[in-house]
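Worksheet: the structure to be examined is printed underneath.
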Amino acid sequence: QVQLVESGGGLVQAGGSQRLSCAASGGSISTRAMGWFRQAPGKEREFVAAIGWSAGITYYADSMKGRLTISRDNAKNTVFLQMNSLKPEDTAVYYCAASDTIMVATTTSGYHYWGQGTQVTVSS
């Protein structure tokens, strides 16, 4: 059973940057696809970014493309999400997710383990 813990959230001004981390325990992420999702109040959880097991494959949500970089350090069992040029509409709880497979997915059904989430608030 993989446990995921996100960190790095907080309050940031519009136009600023934030780097989220997702530390995994209870199992290696080295052969797993990993993803980030977010959920704003009153909205469904939506895809943000995903990365393949070798980091050679990445996907980004169109709404945030160009402002995101997802990366992974398999040796440290950690995944990162660098977010730049943040906007107030990026305010949400950001969740890390791990798959049981190497298949990269952009939907929640493609992931089997979830963290508790970290709040990102972007002020205008």
Side-chain angles (χ1 to χ4, degrees):
Q1 188 85 0
V2 176
Q3 291 86 45
L4 304 172
V5 178
E6 302 94 338
S7 61
L11 178 64
V12 62
Q13 286 190 331
S17 299
Q18 206 144 29
R19 188 191 196 208
L20 305 182
S21 299
C22 172
S25 60
S28 172
I29 67 167
S30 62
T31 58
R32 302 176 187 272
M34 301 292 294
W36 286 94
F37 290 75
R38 68 183 184 182
Q39 189 166 18
K43 295 187 177 181
E44 293 188 353
R45 193 168 298 188
E46 64 176 358
F47 170 74
V48 173
I51 187 167
W53 68 274
S54 66
I57 297 175
T58 57
Y59 292 99
Y60 297 101
D62 288 342
S63 62
M64 298 189 77
K65 196 171 290 184
R67 301 190 289 126
L68 298 176
T69 303
I70 186 171
S71 60
R72 63 191 298 158
D73 185 337
N74 288 338
K76 295 183 178 180
N77 232 24
T78 302
V79 177
F80 305 95
L81 182 67
Q82 177 69 41
M83 303 186 292
N84 300 320
S85 301
L86 285 164
K87 305 174 183 180
E89 52 263 43
D90 295 321
T91 295
V93 177
Y94 284 72
Y95 296 92
C96 176
S99 173
D100 268 339
T101 77
I102 63 172
M103 299 299 294
V104 180
T106 60
T107 60
T108 57
S109 61
Y111 296 90
H112 305 88
Y113 306 98
W114 294 85
Q116 293 299 305
T118 184
Q119 175 72 47
V120 173
T121 302
V122 184
S123 63
S124 57

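Values reported hereafter were calculated over all heavy atoms of this structure, with side chains retained and with hydrogens, waters and symmetry mates removed. Because the structure is a prediction, the values reported are computed rather than measured.
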Residues passing the side-chain contact (heavy atoms from CB on, under 4.5 Å) test with Lys43, sequence neighbours excluded, are Ala40
Rounding to 0.5 Å, atoms CE (Met83) and CH2 (Trp36) come to a distance of 8.0 Å
Closest non-hydrogen atom pair, Ile70 against Tyr60: N-OH, 2.9 Å
Minimum heavy-atom separation for Ser71 to Val79, with atom names? O-CG1, 3.3 Å
With sequence neighbours left out, the residues meeting side chain to side chain donor-acceptor pair (under 3.5 Å) with Thr31 are none
State, with a plain yes or no, whether a side-chain heavy atom of Leu4 is found less than 4.5 Å away from one of Tyr95. no
For atom CD of Gln116, decide whether the heavy atoms of other residues, nucleotides or ligands shown that lie under 6.0 angstrom number more than 12. no
Can you list the residues that meet the salt bridge (charged side-chain N to carboxylate O under 4.0 Å, His left out) rule with Arg38, with sequence neighbours excluded? Glu46, Asp90
Would you tabulate the side-chain donor-acceptor contacts of residues 11-22 under 3.5 Å, counting partners in other chains and residues two or more places apart, or write 'none'?
unit_1, atom_1, unit_2, atom_2, d
Ser17, OG, Asn84, OD1, 2.9
Gln18, NE2, Gly8, O, 3.3

Indicate the atoms forming the closest heavy-atom contact of Thr78 with Lys76, along with that distance. OG1-O, 2.8 Å
Report, one line per pair, each donor and acceptor closer than 3.5 Å where one atom sits in a side chain of residues 101-108; sequence neighbours left out.
unit_1, atom_1, unit_2, atom_2, d
Thr101, OG1, Ser99, OG, 3.2
Thr101, OG1, Met103, N, 3.0
Thr107, OG1, Ser109, OG, 3.1

Side-chain heavy atoms of Glu6 within contact of Tyr94, under 4.5 Å: no
Pairing residues for Asp73 by the salt bridge (charged side-chain N to carboxylate O under 4.0 Å, His left out) criterion, not counting sequence neighbours: none
List for me each residue that meets side-chain contact (heavy atoms from CB on, under 4.5 Å) alongside Gln119, sequence neighbours excluded, and say none if there are none. Thr91, Val93, Thr121
Under the salt bridge (Lys or Arg N to Asp or Glu O under 4.0 Å) definition, can you give me all pairs with a residue in residues 93-118, not counting sequence neighbours? Arg32-Asp100
By side chain to side chain donor-acceptor pair (under 3.5 Å), Glu89 pairs with (sequence neighbours left out) none
Is there a donor-acceptor pair closer than 3.5 Å between any side-chain N or O of Arg72 and the backbone N or O of Ala33? no
How would you list, by chain and number, every residue that makes a side-chain contact (heavy atoms from CB on, under 4.5 Å) with Glu44, sequence neighbours excluded? none
What salt bridge (Lys or Arg N to Asp or Glu O under 4.0 Å) pairs are there with at least one residue in residues 112-124, not counting sequence neighbours? none
Can you name the nearest heavy-atom pair linking Ala92 to Gln39, along with the distance? CB-O, 3.5 Å
Transitively linked via ILVMFWY side-chain contacts under 4.5 Å: Phe80 with Tyr113? no
ring-ring contact (aromatic ring centres under 6.0 Å, His included) filter on Phe37, not counting sequence neighbours, yields Phe47, Tyr111, Trp114
Atom of Ser30, atom of Trp53 and distance for their closest heavy-atom approach: O-CB, 3.4 Å
CE of Met34 to CG of Asn74: how many Å apart, nearest 0.5 Å? 9.0 Å
Which pair of heavy atoms, one from Val2 and one from Gly27, lies closest together, and at what distance? CG2-CA, 4.3 Å
